[in-house]
Amino acid sequence: MNILRTKQALLSATATFILLFNSCNEKKDENTFSYEQFKEALYYNSSTGEFADLGNLGMCINRWGMPEYVKSMGTMNQDGSNSRLNAIVFRWSNIEVDEKNVEIVFEAIPDSGKAIEDVFTNRIDRGMAKYLKVKEFSLVPISKP
């Protein structure tokens, strides 16, 4: 009778160990999202229809690494010279949203006293990255390395 209980306990412990081992071994890709999950990851506020200041370039870099520069958007003077940057676009090829990569448009946080040029001139100043917040994002075809 004692041997039977010991065998049952051993079988139960083995089964529990196998279940725990398998669940730990299932690798969940932390950079794969649905569209709605990604909006939440960027601190989208559905009440206001905007992204919170917490959804900023610094947070994105800390979570997903350095992005690839895509383009800057701004206004020009009538003589064709650059007047002011309004937004900057970066792509993370390691993020997958609904089986596409994502490009995120950032703008300077209002009333922060910082401009896009304070954060990005040929490279990202990581110490200043918190001053650019998410304006919007778009899905683009997955880029091949």
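Here the structure is a predicted model, which is why all the values come from computation and not from measurement.
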[X] and [Y]: which non-hydrogen atoms are nearest, and at how many Å?
{"X": "Phe106", "Y": "Cys60", "answer": "CZ-SG, 4.0 Å"}
{"X": "Ala115", "Y": "Ala108", "answer": "CA-CB, 4.3 Å"}
{"X": "Ile95", "Y": "Asn101", "answer": "O-ND2, 2.9 Å"}
{"X": "Phe51", "Y": "Lys39", "answer": "CE2-O, 4.1 Å"}
{"X": "Ala41", "Y": "Met59", "answer": "O-CE, 3.7 Å"}
{"X": "Ala129", "Y": "Ile61", "answer": "CB-CD1, 4.3 Å"}

**OP:** May I ask you to check whether Phe120 and Tyr69 place their ring centres under 6.0 Å from each other?
**Re:**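 Close enough - the centres of the two rings lie under 6.0 Å apart.
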Original post:
Can you list the steps and then say if Leu85 with Glu117 is a side chain to side chain contact (heavy atoms under 4.5 Å, CB included)?
Top reply: CA-CA 8 Å; Leu85 284 179; Glu117 296 86 350; 3.5 Å; yes
Original post:
Do Trp64 and Asn31 meet the criterion of a side-chain donor-acceptor pair at a distance under 3.5 Å?
Top reply: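 Short answer, yes.
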Enter the distance from [X]:[atom1] to [Y]:[atom2] here, rounded to the nearest 0.5 Å.
{"X": "Met66", "Y": "Asn94", "atom1": "CE", "atom2": "CG", "answer": "12.0 Å"}
{"X": "Phe90", "Y": "Glu103", "atom1": "CZ", "atom2": "CD", "answer": "11.5 Å"}
{"X": "Ile142", "Y": "Glu99", "atom1": "CD1", "atom2": "CD", "answer": "7.0 Å"}

Original post:
Can you list the steps and then say if Lys133 with Ile109 is a side chain to side chain contact (heavy atoms under 4.5 Å, CB included)?
Top reply: CA-CA 6 Å; Lys133 74 176 230 164; Ile109 294 176; 3.7 Å; yes
Original post:
Does Ser138 have any side-chain hydrogen bond (donor to acceptor under 3.5 Å, both in side chains) partners at least two apart in sequence or in another chain, and if so, which?
Top reply: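 Result, side-chain hydrogen bond (donor to acceptor under 3.5 Å, both in side chains) vs Ser138: none returned.
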Original post:
Does the side chain to side chain contact (heavy atoms under 4.5 Å, CB included) test come out yes or no for Asp125 and Asp118, once each step is laid out?
Top reply: CA-CA 8 Å; Asp125 180 340; Asp118 295 324; over 6 Å; no
**OP:** Tell me, please, which residues at least two apart from Tyr131 pass ring pair (Phe, Tyr, Trp, His ring centres under 6.0 Å).
**Re:**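 For Tyr131, no residue satisfies ring pair (Phe, Tyr, Trp, His ring centres under 6.0 Å) once neighbours in sequence are set aside.
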Original post:
Looking at side-chain heavy atoms only, is the closest gap between Asn86 and Thr75 below 4.5 Å?
Top reply: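 Sidechains of Thr75 and Asn86: in contact.
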Original post:
Any chain of hydrophobic side-chain contacts (each under 4.5 Å) joining Phe137 to Val89?
Top reply: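 No: no chain of side-chain contacts under 4.5 Å links Phe137 to Val89.
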Original post:
Is it the case that one hydrophobic cluster holds both Val134 and Val140, taking links as side-chain heavy atoms less than 4.5 Å apart, direct or via other members?
Top reply: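 Per the 4.5 Å side-chain linkage, Val134 and Val140 are not co-clustered.
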